[in-house]
Amino acid sequence: MKSVLDWEPQPPYTAEQLVEVLRILRDPENGCPWDKVQTHASIRKNFLEETCEVLEAIDADDPDMMREELGDVLMQVAFHAVMEEERGRFTFEDVCRAVCEKLVFRHPNIFASSAAENAGINSWDALKNKEKGRTTLSDELDTVPATLPALMRAQKLQKRAARSGGARPDKAEAQQALQTAVAHWNETSSAEAAGRLLFAAADAMRLAGVDAEEALTFASKSFCAEQKTQSGTQVQGPAPIEKQTVREN
């Protein structure tokens, strides 16, 4: 029978102790059977799930829930960093150093070292482009993660294109494009038309100062609340196979 390790972190608890706990769990011989075999890919979805739970805690303004879920996200960061430490590519300390250096670099209005290095550059976006070596619109568009939620990604692409004159410049033009997309959807009801409609709606919202992703999130929450409060509503069985158009998971 495997012996139990006689060690535990002591208060005040630190990020370094968290990393040490994960190193122990990942030990090839004495570590946890589950933790030691995980890879970046195998726990990829866990990162997304934990992040979503943080957002739920923020929306609920629940400090206890927020503290717990932020800890779970921090654990995910440390978990991935320990995997990279094992491969000799970088450590958790490297992650912390990089983000500290980034914050200093992007705040020349606060830190003297950044002010000297970035004299004459006052825009946050310009600082990011300099830091990442982005010089063209293509560079900017290519660095918008494809894994972002679709509405969020659409607005980020539109915003970056707008800075280079590649997007609709005013609300009136965006509204006209939205009306055209609605008409096309009414004519065809195709997936392509639906995509163009959503993209045009996201652009119109962007120019109106509305975050499309958050707007749809809160609309979905309102829908759920309305459905729950309707009295006498019965849960219906599934539609006949030939009438089903969208598969529900």
Side-chain angles (χ1 to χ4, degrees), residues 44-61 73 123-126 128-129 132 134-230 233-249:
R44 178 180 181 274
K45 67 178 182 181
N46 299 44
F47 213 135
L48 178 60
E49 291 172 2
E50 300 297 358
T51 302
C52 291
E53 289 174 2
V54 169
L55 298 181
E56 289 285 336
I58 291 172
D59 290 345
D61 193 25
V73 169
S123 164
W124 175 270
D125 291 318
K128 286 179 64 176
N129 287 341
K132 296 181 179 297
R134 300 191 301 227
T135 59
T136 66
L137 175 57
S138 179
D139 291 338
E140 288 209 63
L141 297 181
D142 286 345
T143 53
V144 177
T147 50
L148 283 176
L151 289 174
M152 185 185 297
R153 183 167 188 259
Q155 287 194 315
K156 188 172 284 289
L157 290 169
Q158 292 159 353
K159 179 181 177 181
R160 292 193 178 185
R163 291 201 297 262
S164 301
R168 296 177 183 85
D170 55 50
K171 295 180 182 179
E173 191 173 345
Q175 187 64 32
Q176 180 58 50
L178 177 55
Q179 292 173 359
T180 300
V182 169
H184 184 49
W185 163 253
N186 289 336
E187 291 174 1
T188 66
S189 297
S190 65
E192 179 184 0
R196 291 184 179 277
L197 174 56
L198 289 170
F199 194 83
D203 199 23
M205 292 180 201
R206 175 184 66 84
L207 289 168
V210 175
D211 185 298
E213 191 71 34
E214 287 190 354
L216 184 57
T217 295
F218 290 125
S220 296
K221 287 184 177 180
S222 295
F223 172 80
C224 290
E226 291 167 1
Q227 294 298 307
K228 291 176 182 178
T229 57
Q230 287 182 359
T233 300
Q234 299 295 320
V235 177
Q236 298 181 353
I241 296 297
E242 65 273 11
K243 293 185 179 180
Q244 291 181 357
T245 57
V246 178
R247 181 175 180 179
E248 293 187 1
N249 294 319

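For the numbers below, each heavy atom of this structure counts, side chains included, while hydrogens, waters and symmetry mates do not.
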Peer 1: Ignoring hydrogens, what is the shortest heavy-atom contact between A177 and A200? Give both atom names and the distance.
Peer 2: O-CB, 4.1 Å

Peer 1: Show every side-chain hydrogen bond (donor to acceptor under 3.5 Å, both in side chains) that has at least one partner inside residues 181-190, sequence neighbours left out.
Peer 2: T188-S190

Peer 1: Are there more than 12 heavy atoms of other residues, nucleotides or ligands under 6.0 Å from atom CZ of R44?
Peer 2: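 Counting other residues, nucleotides and ligands, CZ of R44 stays at 12 neighbours or fewer.
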
Peer 1: To the nearest 0.5 Å, tell me how far E214 CD sits from D59 CG.
Peer 2: 7.5 Å

Peer 1: Are any non-hydrogen side-chain atoms of D170 and L207 less than 4.5 angstrom apart?
Peer 2: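 When only atoms from C-beta onward are counted, L207 and D170 do not touch, as no gap falls below 4.5 Å.
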
Peer 1: So how far is it from E173 CD to D203 CG, rounded to the nearest 0.5 Å?
Peer 2: 9.0 Å

Peer 1: Might you confirm whether atom NZ of K221 has over 12 heavy atoms from other residues, nucleotides or ligands at distances under 6.0 Å?
Peer 2: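 Count over threshold, so yes.
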
Peer 1: Which residues pass the side-chain contact (heavy atoms from CB on, under 4.5 Å) test with A201, not counting sequence neighbours?
Peer 2: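 L178, M205.
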
Peer 1: Do you know which two heavy atoms are closest between V73 and V54, and how far apart they sit?
Peer 2: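 Heavy atoms of V73 and V54 come nearest at CG2-CG2, 3.4 Å.
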
Peer 1: Which pairs with one or both residues in residues 146-162 pass side-chain hydrogen bond (donor to acceptor under 3.5 Å, both in side chains), sequence neighbours excluded?
Peer 2: T143-R160

Peer 1: Could you state the interatomic distance from CE (M152) to CG (L157), rounded to the nearest 0.5 Å?
Peer 2: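 Result: 12.5 Å between the selected atoms.
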
Peer 1: Quick one: closest heavy-atom pair of A150 and E213, and the distance?
Peer 2: N-OE1, 4.5 Å

Peer 1: Rounded to the nearest 0.5 Å, what separation is found between the CZ atom of R206 and the CG atom of L151?
Peer 2: 13.5 Å

